[in-house]
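Below, all heavy atoms of this structure are taken into account, side chains as well, without hydrogens, waters or symmetry copies. Model, not experiment: these values are computed from the prediction.
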Amino acid sequence: MLFLDLWFWKFAAVAIPGLWLCPARLRIPWLLAASSVFHWYFAGPAGMAPIVLLAVWTYAAGRWRVRDRVAWFAASCVLLVGALAFYKYSEFAARSLAAAASAAGLATWSVSLSAWQSPAAPLAISFFTFEFVHYLYEIRTRGREPIKNPVHFALFAIFFPTLASGPIKRFPDFVPQLDWLARPTFAEVRAGAERVVRGLFKKICIADMLVPAIGVLESSPRFTPEVVALLAIAQGFRIYYDFDGYSDMAIGLSRMVGLRVPENFDRPYFSTSLQAFWRRWHMSLSSWIRDYVYIPLGGNRGRRHIHLISAMGLCGLWHGADWNFVIWGLYHGVGLAAEAAVRGRLPRFFEAGGAAAALRWGICYGFVTFGWLLFFYPMERVIQMCAEALG
Amino acid sequence: MTRRVLISGLRLLLHLAMLAAVVALWNNDAPRFIYVAF
(Lines give C-alpha, C1' and ligand atoms only; values in the text may rest on other atoms or scores of the structure.)
Protein backbone atom coordinates (compact mmCIF):
# COMPACT_ATOMS: atom_id res chain seq x y z
CA MET A 1 0.00 0.00 0.00
CA LEU A 2 1.55 3.26 -1.17
CA PHE A 3 0.18 5.22 1.80
CA LEU A 4 2.27 3.09 4.14
CA ASP A 5 5.51 4.12 2.46
CA LEU A 6 7.29 6.66 4.67
CA TRP A 7 8.15 8.69 1.55
CA PHE A 8 4.45 9.32 1.04
CA TRP A 9 4.08 11.05 4.42
CA LYS A 10 7.08 13.29 3.75
CA PHE A 11 5.56 14.11 0.35
CA ALA A 12 2.13 14.80 1.94
CA ALA A 13 3.74 17.02 4.58
CA VAL A 14 4.94 19.29 1.76
CA ALA A 15 2.14 18.87 -0.81
CA ILE A 16 -0.88 19.48 1.45
CA PRO A 17 0.27 22.51 3.51
CA GLY A 18 1.84 23.84 0.29
CA LEU A 19 -1.63 23.88 -1.26
CA TRP A 20 -3.06 25.82 1.69
CA LEU A 21 -0.39 28.48 1.22
CA CYS A 22 -0.90 28.76 -2.56
CA PRO A 23 -2.79 31.73 -3.99
CA ALA A 24 -6.08 30.67 -5.64
CA ARG A 25 -4.78 30.65 -9.23
CA LEU A 26 -1.88 28.35 -8.35
CA ARG A 27 -3.82 25.72 -6.38
CA ILE A 28 -4.75 23.49 -9.35
CA PRO A 29 -1.25 23.66 -10.95
CA TRP A 30 0.23 22.89 -7.50
CA LEU A 31 -2.04 19.84 -7.05
CA LEU A 32 -1.23 18.64 -10.56
CA ALA A 33 2.52 19.05 -9.96
CA ALA A 34 2.23 17.18 -6.64
CA SER A 35 0.20 14.40 -8.29
CA SER A 36 2.80 14.12 -11.08
CA VAL A 37 5.61 13.78 -8.52
CA PHE A 38 3.60 11.10 -6.69
CA HIS A 39 2.90 9.23 -9.93
CA TRP A 40 6.55 9.52 -11.07
CA TYR A 41 7.89 8.29 -7.72
CA PHE A 42 5.66 5.20 -7.47
CA ALA A 43 5.20 4.27 -11.15
CA GLY A 44 8.52 5.38 -12.65
CA PRO A 45 8.82 6.63 -16.23
CA ALA A 46 7.98 3.19 -17.69
CA GLY A 47 4.76 3.00 -15.65
CA MET A 48 3.83 6.62 -16.28
CA ALA A 49 4.32 6.68 -20.07
CA PRO A 50 1.43 4.35 -21.09
CA ILE A 51 -0.95 6.18 -18.75
CA VAL A 52 0.05 9.59 -20.12
CA LEU A 53 -0.48 8.32 -23.69
CA LEU A 54 -3.90 6.87 -22.81
CA ALA A 55 -4.84 10.10 -20.99
CA VAL A 56 -3.84 12.27 -23.97
CA TRP A 57 -5.83 10.01 -26.31
CA THR A 58 -8.88 10.05 -24.01
CA TYR A 59 -8.76 13.83 -23.60
CA ALA A 60 -8.44 14.45 -27.35
CA ALA A 61 -11.08 11.85 -28.29
CA GLY A 62 -13.51 13.19 -25.69
CA ARG A 63 -12.93 16.80 -26.66
CA TRP A 64 -13.14 16.54 -30.44
CA ARG A 65 -14.34 13.17 -31.70
CA VAL A 66 -16.37 10.88 -29.46
CA ARG A 67 -19.63 12.80 -29.29
CA ASP A 68 -20.32 12.78 -33.05
CA ARG A 69 -18.51 9.70 -34.25
CA VAL A 70 -19.35 6.30 -32.85
CA ALA A 71 -16.30 4.71 -34.53
CA TRP A 72 -14.01 6.94 -32.47
CA PHE A 73 -15.84 6.00 -29.30
CA ALA A 74 -15.58 2.28 -30.13
CA ALA A 75 -11.91 2.59 -31.13
CA SER A 76 -11.10 4.50 -27.93
CA CYS A 77 -12.81 1.90 -25.75
CA VAL A 78 -10.98 -0.89 -27.60
CA LEU A 79 -7.69 0.93 -27.06
CA LEU A 80 -8.32 1.48 -23.33
CA VAL A 81 -9.65 -1.98 -22.60
CA GLY A 82 -7.04 -3.50 -24.94
CA ALA A 83 -4.21 -1.82 -23.00
CA LEU A 84 -5.64 -3.17 -19.74
CA ALA A 85 -6.04 -6.65 -21.25
CA PHE A 86 -2.49 -6.59 -22.64
CA TYR A 87 -0.78 -5.49 -19.45
CA LYS A 88 -2.90 -7.23 -16.86
CA TYR A 89 -4.51 -10.25 -18.51
CA SER A 90 -2.42 -11.39 -21.49
CA GLU A 91 -0.20 -13.65 -19.38
CA PHE A 92 -3.22 -15.18 -17.66
CA ALA A 93 -4.94 -15.71 -21.04
CA ALA A 94 -1.78 -17.29 -22.51
CA ARG A 95 -1.41 -19.54 -19.46
CA SER A 96 -5.05 -20.66 -19.67
CA LEU A 97 -4.79 -21.30 -23.42
CA ALA A 98 -1.54 -23.23 -22.86
CA ALA A 99 -3.32 -25.48 -20.36
CA ALA A 100 -6.19 -26.01 -22.82
CA ALA A 101 -3.72 -26.73 -25.67
CA SER A 102 -1.84 -29.18 -23.48
CA ALA A 103 -5.10 -30.95 -22.60
CA ALA A 104 -5.94 -31.14 -26.33
CA GLY A 105 -2.53 -32.70 -27.07
CA LEU A 106 -1.11 -29.62 -28.84
CA ALA A 107 2.25 -29.67 -27.05
CA THR A 108 4.06 -27.16 -29.34
CA TRP A 109 1.29 -24.58 -28.94
CA SER A 110 1.24 -25.13 -25.23
CA VAL A 111 5.01 -24.53 -24.90
CA SER A 112 4.98 -21.33 -26.98
CA LEU A 113 1.91 -19.97 -25.20
CA SER A 114 3.25 -20.63 -21.70
CA ALA A 115 6.50 -18.82 -22.61
CA TRP A 116 4.60 -15.51 -22.99
CA GLN A 117 5.37 -12.94 -20.31
CA SER A 118 3.53 -9.62 -20.30
CA PRO A 119 5.43 -6.46 -19.34
CA ALA A 120 4.88 -5.13 -15.80
CA ALA A 121 1.44 -3.47 -15.62
CA PRO A 122 1.55 0.32 -15.14
CA LEU A 123 0.51 1.36 -11.62
CA ALA A 124 -3.28 1.39 -11.20
CA ILE A 125 -4.04 0.72 -14.88
CA SER A 126 -7.40 -0.87 -13.91
CA PHE A 127 -8.50 2.34 -12.19
CA PHE A 128 -7.32 4.55 -15.06
CA THR A 129 -9.13 2.37 -17.60
CA PHE A 130 -12.40 2.51 -15.66
CA GLU A 131 -12.25 6.29 -15.18
CA PHE A 132 -11.38 6.91 -18.84
CA VAL A 133 -14.07 4.56 -20.20
CA HIS A 134 -16.60 6.24 -17.89
CA TYR A 135 -15.49 9.65 -19.18
CA LEU A 136 -15.94 8.74 -22.86
CA TYR A 137 -19.19 6.83 -22.24
CA GLU A 138 -20.75 9.79 -20.43
CA ILE A 139 -19.84 12.14 -23.29
CA ARG A 140 -21.03 9.75 -25.99
CA THR A 141 -24.24 8.36 -24.54
CA ARG A 142 -25.38 10.91 -21.96
CA GLY A 143 -24.30 14.00 -23.89
CA ARG A 144 -22.10 15.37 -21.09
CA GLU A 145 -19.83 18.29 -21.87
CA PRO A 146 -16.21 17.11 -22.17
CA ILE A 147 -13.57 18.65 -19.91
CA LYS A 148 -12.12 21.56 -21.88
CA ASN A 149 -9.26 22.52 -19.58
CA PRO A 150 -6.42 19.98 -20.09
CA VAL A 151 -5.04 20.74 -16.60
CA HIS A 152 -8.40 19.80 -15.08
CA PHE A 153 -8.49 16.61 -17.13
CA ALA A 154 -4.93 15.73 -16.08
CA LEU A 155 -5.82 16.28 -12.42
CA PHE A 156 -8.96 14.15 -12.81
CA ALA A 157 -6.70 11.40 -14.22
CA ILE A 158 -3.83 11.44 -11.71
CA PHE A 159 -5.19 13.11 -8.54
CA PHE A 160 -2.77 11.61 -6.01
CA PRO A 161 -5.07 10.50 -3.13
CA THR A 162 -7.16 8.32 -5.47
CA LEU A 163 -4.52 7.42 -8.05
CA ALA A 164 -3.45 4.00 -6.81
CA SER A 165 -6.66 2.30 -5.64
CA GLY A 166 -9.58 4.67 -6.04
CA PRO A 167 -12.31 5.38 -5.08
CA ILE A 168 -13.16 5.43 -8.80
CA LYS A 169 -14.16 9.02 -9.47
CA ARG A 170 -16.94 10.33 -11.74
CA PHE A 171 -15.92 13.43 -13.68
CA PRO A 172 -19.28 15.27 -13.45
CA ASP A 173 -18.87 15.25 -9.65
CA PHE A 174 -15.12 15.83 -9.45
CA VAL A 175 -14.27 18.37 -12.14
CA PRO A 176 -16.76 21.15 -11.22
CA GLN A 177 -15.00 21.33 -7.83
CA LEU A 178 -11.85 22.42 -9.68
CA ASP A 179 -13.50 25.50 -11.19
CA TRP A 180 -13.15 27.28 -7.88
CA LEU A 181 -10.97 25.34 -5.49
CA ALA A 182 -11.23 27.26 -2.24
CA ARG A 183 -8.72 26.93 0.56
CA PRO A 184 -10.16 24.21 2.84
CA THR A 185 -11.54 25.43 6.16
CA PHE A 186 -10.05 24.31 9.49
CA ALA A 187 -13.13 22.10 10.08
CA GLU A 188 -12.61 20.37 6.70
CA VAL A 189 -8.91 19.82 7.31
CA ARG A 190 -9.62 18.44 10.76
CA ALA A 191 -12.38 16.12 9.47
CA GLY A 192 -10.03 14.96 6.68
CA ALA A 193 -7.13 14.37 9.09
CA GLU A 194 -9.41 12.39 11.45
CA ARG A 195 -10.55 10.25 8.54
CA VAL A 196 -6.92 9.57 7.60
CA VAL A 197 -6.12 8.52 11.19
CA ARG A 198 -9.18 6.23 11.27
CA GLY A 199 -8.06 4.72 7.95
CA LEU A 200 -4.54 4.09 9.25
CA PHE A 201 -5.99 2.53 12.40
CA LYS A 202 -8.24 0.19 10.39
CA LYS A 203 -5.37 -0.85 8.15
CA ILE A 204 -2.54 -1.21 10.68
CA CYS A 205 -4.30 -2.04 13.93
CA ILE A 206 -7.10 -4.25 12.60
CA ALA A 207 -6.43 -5.59 9.07
CA ASP A 208 -2.70 -6.19 9.56
CA MET A 209 -3.36 -7.70 13.01
CA LEU A 210 -5.50 -10.36 11.35
CA VAL A 211 -2.75 -11.44 8.94
CA PRO A 212 -0.81 -13.56 11.47
CA ALA A 213 -4.07 -15.12 12.72
CA ILE A 214 -4.91 -16.05 9.13
CA GLY A 215 -1.42 -17.56 8.76
CA VAL A 216 -1.98 -19.71 11.86
CA LEU A 217 -5.39 -20.88 10.56
CA GLU A 218 -4.00 -21.60 7.07
CA SER A 219 -1.26 -23.82 8.50
CA SER A 220 -3.72 -25.71 10.68
CA PRO A 221 -2.95 -29.47 10.56
CA ARG A 222 -6.62 -30.24 10.00
CA PHE A 223 -9.41 -28.15 8.53
CA THR A 224 -12.30 -28.67 10.94
CA PRO A 225 -15.58 -26.77 10.27
CA GLU A 226 -14.55 -24.25 12.98
CA VAL A 227 -11.15 -23.60 11.37
CA VAL A 228 -12.67 -23.11 7.91
CA ALA A 229 -15.39 -20.80 9.30
CA LEU A 230 -12.85 -18.77 11.30
CA LEU A 231 -10.55 -18.51 8.29
CA ALA A 232 -13.36 -17.22 6.08
CA ILE A 233 -14.52 -14.74 8.75
CA ALA A 234 -10.95 -13.50 9.36
CA GLN A 235 -10.31 -13.07 5.62
CA GLY A 236 -13.61 -11.19 5.30
CA PHE A 237 -12.72 -8.74 8.06
CA ARG A 238 -9.13 -8.38 6.90
CA ILE A 239 -10.06 -7.42 3.33
CA TYR A 240 -12.81 -5.11 4.61
CA TYR A 241 -10.63 -3.21 7.09
CA ASP A 242 -7.73 -3.15 4.64
CA PHE A 243 -9.68 -1.62 1.80
CA ASP A 244 -12.05 0.49 3.87
CA GLY A 245 -9.00 1.85 5.73
CA TYR A 246 -7.33 2.66 2.43
CA SER A 247 -10.50 4.36 1.18
CA ASP A 248 -10.74 6.41 4.40
CA MET A 249 -7.18 7.63 3.83
CA ALA A 250 -7.90 8.55 0.19
CA ILE A 251 -11.15 10.34 1.10
CA GLY A 252 -9.55 12.09 4.10
CA LEU A 253 -6.52 13.28 2.12
CA SER A 254 -8.83 14.58 -0.62
CA ARG A 255 -10.83 16.47 1.98
CA MET A 256 -7.66 18.01 3.38
CA VAL A 257 -7.06 19.63 -0.02
CA GLY A 258 -10.70 20.72 -0.27
CA LEU A 259 -11.97 18.06 -2.68
CA ARG A 260 -14.72 15.45 -2.27
CA VAL A 261 -14.39 11.99 -3.82
CA PRO A 262 -16.96 9.16 -3.70
CA GLU A 263 -17.47 6.97 -0.66
CA ASN A 264 -16.52 3.31 -1.03
CA PHE A 265 -18.02 1.38 1.91
CA ASP A 266 -21.15 1.73 3.98
CA ARG A 267 -21.10 -0.99 6.70
CA PRO A 268 -21.53 -3.77 4.10
CA TYR A 269 -21.60 -6.66 6.59
CA PHE A 270 -24.84 -5.32 8.03
CA SER A 271 -26.60 -5.93 4.70
CA THR A 272 -29.64 -8.17 4.76
CA SER A 273 -29.50 -9.05 1.07
CA LEU A 274 -26.82 -9.55 -1.57
CA GLN A 275 -28.25 -6.69 -3.60
CA ALA A 276 -27.85 -4.39 -0.57
CA PHE A 277 -24.36 -5.79 0.05
CA TRP A 278 -23.25 -4.78 -3.43
CA ARG A 279 -24.71 -1.31 -2.91
CA ARG A 280 -22.55 -0.95 0.20
CA TRP A 281 -19.33 -2.81 -0.71
CA HIS A 282 -16.70 -1.06 -2.89
CA MET A 283 -19.49 1.26 -4.02
CA SER A 284 -17.43 3.18 -6.57
CA LEU A 285 -16.66 -0.09 -8.40
CA SER A 286 -20.08 -1.72 -8.04
CA SER A 287 -21.85 1.41 -9.33
CA TRP A 288 -19.36 1.53 -12.25
CA ILE A 289 -20.13 -2.12 -13.12
CA ARG A 290 -23.88 -1.35 -12.84
CA ASP A 291 -23.75 1.76 -15.05
CA TYR A 292 -21.24 0.69 -17.69
CA VAL A 293 -21.64 -3.11 -17.89
CA TYR A 294 -24.92 -4.31 -16.36
CA ILE A 295 -27.25 -1.62 -17.76
CA PRO A 296 -25.66 -1.59 -21.28
CA LEU A 297 -26.03 -5.41 -21.31
CA GLY A 298 -29.77 -4.96 -20.78
CA GLY A 299 -30.02 -4.54 -17.02
CA ASN A 300 -33.31 -5.67 -15.51
CA ARG A 301 -34.86 -6.18 -18.95
CA GLY A 302 -34.82 -9.57 -20.71
CA ARG A 303 -32.42 -12.16 -19.37
CA ARG A 304 -31.60 -10.41 -16.14
CA HIS A 305 -29.83 -13.41 -14.62
CA ILE A 306 -27.44 -13.63 -17.59
CA HIS A 307 -26.69 -9.90 -17.33
CA LEU A 308 -26.04 -10.23 -13.58
CA ILE A 309 -23.75 -13.25 -13.93
CA SER A 310 -21.80 -11.69 -16.84
CA ALA A 311 -21.36 -8.34 -15.06
CA MET A 312 -20.26 -9.99 -11.82
CA GLY A 313 -17.89 -12.35 -13.68
CA LEU A 314 -16.25 -9.27 -15.18
CA CYS A 315 -16.22 -7.62 -11.74
CA GLY A 316 -14.38 -10.68 -10.41
CA LEU A 317 -11.86 -10.63 -13.25
CA TRP A 318 -11.17 -6.94 -12.60
CA HIS A 319 -9.85 -7.88 -9.15
CA GLY A 320 -7.04 -9.99 -10.55
CA ALA A 321 -5.83 -12.14 -13.43
CA ASP A 322 -6.64 -15.59 -12.12
CA TRP A 323 -9.49 -18.06 -12.17
CA ASN A 324 -10.29 -17.74 -8.46
CA PHE A 325 -11.33 -14.11 -9.00
CA VAL A 326 -13.53 -15.07 -11.97
CA ILE A 327 -15.10 -17.89 -9.94
CA TRP A 328 -15.72 -15.48 -7.04
CA GLY A 329 -17.41 -12.99 -9.39
CA LEU A 330 -19.56 -15.70 -11.01
CA TYR A 331 -20.48 -17.02 -7.54
CA HIS A 332 -21.80 -13.57 -6.59
CA GLY A 333 -23.53 -13.24 -9.98
CA VAL A 334 -25.34 -16.55 -9.45
CA GLY A 335 -26.18 -15.48 -5.88
CA LEU A 336 -27.65 -12.17 -7.07
CA ALA A 337 -29.63 -13.89 -9.83
CA ALA A 338 -30.99 -16.47 -7.37
CA GLU A 339 -31.87 -13.74 -4.89
CA ALA A 340 -33.70 -11.77 -7.60
CA ALA A 341 -35.70 -14.89 -8.50
CA VAL A 342 -36.61 -15.57 -4.84
CA ARG A 343 -37.47 -11.88 -4.33
CA GLY A 344 -39.93 -12.13 -7.23
CA ARG A 345 -41.70 -15.09 -5.60
CA LEU A 346 -41.45 -14.10 -1.93
CA PRO A 347 -41.55 -10.30 -1.88
CA ARG A 348 -42.95 -10.24 1.67
CA PHE A 349 -39.96 -12.15 3.05
CA PHE A 350 -37.67 -9.38 1.76
CA GLU A 351 -39.80 -6.62 3.25
CA ALA A 352 -40.37 -8.16 6.69
CA GLY A 353 -38.35 -7.13 9.74
CA GLY A 354 -37.61 -9.06 12.95
CA ALA A 355 -36.77 -12.75 12.57
CA ALA A 356 -37.07 -12.62 8.77
CA ALA A 357 -34.53 -9.77 8.61
CA ALA A 358 -32.20 -11.67 10.96
CA LEU A 359 -32.51 -14.76 8.75
CA ARG A 360 -31.81 -12.69 5.61
CA TRP A 361 -28.74 -11.18 7.30
CA GLY A 362 -27.48 -14.66 8.27
CA ILE A 363 -27.92 -16.00 4.72
CA CYS A 364 -26.27 -12.93 3.18
CA TYR A 365 -23.34 -12.86 5.63
CA GLY A 366 -22.76 -16.60 5.27
CA PHE A 367 -22.85 -16.39 1.48
CA VAL A 368 -20.46 -13.43 1.33
CA THR A 369 -18.10 -14.93 3.91
CA PHE A 370 -17.86 -18.28 2.15
CA GLY A 371 -17.15 -16.30 -1.02
CA TRP A 372 -13.93 -14.94 0.52
CA LEU A 373 -12.50 -18.47 0.47
CA LEU A 374 -13.12 -18.55 -3.31
CA PHE A 375 -11.54 -15.10 -3.62
CA PHE A 376 -8.35 -15.86 -1.71
CA TYR A 377 -7.65 -19.51 -2.55
CA PRO A 378 -7.57 -21.64 -5.69
CA MET A 379 -10.63 -23.81 -6.24
CA GLU A 380 -8.76 -27.06 -5.49
CA ARG A 381 -7.69 -25.69 -2.09
CA VAL A 382 -11.25 -24.61 -1.23
CA ILE A 383 -12.58 -28.04 -2.21
CA GLN A 384 -9.87 -29.71 -0.10
CA MET A 385 -10.68 -27.51 2.92
CA CYS A 386 -14.42 -28.13 2.62
CA ALA A 387 -13.95 -31.87 2.06
CA GLU A 388 -11.79 -32.10 5.18
CA ALA A 389 -14.25 -30.00 7.18
CA LEU A 390 -17.24 -32.06 6.13
CA GLY A 391 -15.52 -35.44 5.98
CA MET B 1 -21.07 25.22 24.42
CA THR B 2 -19.35 23.24 27.21
CA ARG B 3 -20.84 20.03 25.83
CA ARG B 4 -19.54 20.81 22.34
CA VAL B 5 -16.05 21.50 23.65
CA LEU B 6 -16.14 18.28 25.67
CA ILE B 7 -17.23 16.15 22.68
CA SER B 8 -14.64 17.81 20.47
CA GLY B 9 -11.92 17.19 23.06
CA LEU B 10 -12.92 13.55 23.46
CA ARG B 11 -12.90 13.09 19.69
CA LEU B 12 -9.43 14.58 19.52
CA LEU B 13 -8.22 12.29 22.32
CA LEU B 14 -9.70 9.24 20.62
CA HIS B 15 -7.96 10.07 17.34
CA LEU B 16 -4.68 10.75 19.16
CA ALA B 17 -4.98 7.34 20.84
CA MET B 18 -5.60 5.72 17.44
CA LEU B 19 -2.58 7.54 16.02
CA ALA B 20 -0.45 6.35 18.94
CA ALA B 21 -1.56 2.75 18.28
CA VAL B 22 -0.73 3.16 14.58
CA VAL B 23 2.76 4.48 15.38
CA ALA B 24 3.35 1.69 17.91
CA LEU B 25 2.29 -1.04 15.49
CA TRP B 26 3.86 0.36 12.33
CA ASN B 27 6.11 -2.43 10.98
CA ASN B 28 5.83 -4.20 14.31
CA ASP B 29 5.90 -7.98 14.34
CA ALA B 30 4.76 -8.37 17.96
CA PRO B 31 1.17 -9.51 17.15
CA ARG B 32 2.56 -12.36 15.04
CA PHE B 33 4.29 -13.81 18.11
CA ILE B 34 1.14 -13.42 20.20
CA TYR B 35 -0.91 -15.42 17.69
CA VAL B 36 1.76 -18.09 17.25
CA ALA B 37 2.08 -18.46 21.02
CA PHE B 38 -1.70 -18.72 21.28
Side-chain angles (χ1 to χ4, degrees), chain A residues 1-10 12-13 185-221 226-227 230-231 233-235 237-238 241-242 244-246 248-249 251-253 255-256, chain B:
Chain A
M1 187 184 274
L2 310 188
F3 292 160
L4 295 191
D5 190 315
L6 206 57
W7 179 89
F8 172 74
W9 295 103
K10 293 177 191 163
T185 61
F186 176 74
E188 274 177 316
V189 172
R190 181 178 166 170
E194 285 178 353
R195 191 91 191 247
V196 172
V197 170
R198 289 201 297 277
L200 280 167
F201 184 83
K202 285 177 186 172
K203 164 69 183 153
I204 290 175
C205 303
I206 304 179
D208 288 0
M209 287 282 132
L210 287 166
V211 173
I214 288 166
V216 170
L217 289 165
E218 278 174 340
S219 54
S220 170
E226 296 80 19
V227 168
L230 273 176
L231 182 59
I233 291 168
Q235 287 285 26
F237 277 100
R238 189 190 69 77
Y241 280 110
D242 193 294
D244 186 37
Y246 175 86
D248 277 345
M249 288 183 240
I251 293 165
L253 288 163
R255 208 155 168 202
M256 288 176 79
Chain B
M1 180 67 184
T2 318
R3 197 162 158 253
R4 255 179 55 191
V5 170
L6 188 69
I7 289 170
S8 184
L10 283 174
R11 229 173 71 175
L12 182 65
L13 274 178
L14 177 68
H15 283 89
L16 284 174
M18 282 199 266
L19 192 59
V22 165
V23 172
L25 291 173
W26 192 289
N27 285 337
N28 191 335
D29 266 350
R32 190 179 301 275
F33 297 118
I34 296 167
Y35 282 118
V36 173
F38 174 73

Q. So which heavy atom on A:Ile204 is nearest to which on B:Trp26, and how close?
A.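 Here A:Ile204 and B:Trp26 meet closest at CD1-CE3, 3.5 Å.
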Q. Looking only at heavy atoms, what is the nearest atom pair of B:Val22 and A:Cys205, with distance?
A.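 Closest approach of B:Val22 to A:Cys205, heavy atoms only: N-SG, 3.8 Å.
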(Q) Could you check whether any side-chain heavy atom of B:Leu14 comes within less than 4.5 Å of a side-chain heavy atom of A:Glu194, counting everything from C-beta outward? (A)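 Result no, sub-4.5 Å side-chain heavy-atom pair not found.
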Q. Out of curiosity, B:Leu19 CG to A:Leu200 CG, how far, rounded to the nearest 0.5 Å?
A.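 CG of A:Leu200 is found 7.5 Å from CG of B:Leu19.
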**Q.** From NE2 (B:His15) to CZ (A:Arg198), nearest 0.5 Å
**A.**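 Answer rounded to 0.5 Å: 4.0 Å.
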Q) chain A contacts: which residues in residues 3-11 of chain B have a non-hydrogen atom closer than 4.5 Å to it? A)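 Heavy-atom contacts from residues 3-11 of chain B to chain A are B:Ser8, B:Arg11.
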Q: Output all residues satisfying ring-ring contact (aromatic ring centres under 6.0 Å, His included) with A:Tyr246, sequence neighbours left out; order by chain, then residue number.
A: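 A:Tyr246 satisfies ring-ring contact (aromatic ring centres under 6.0 Å, His included) with A:Phe3 only.
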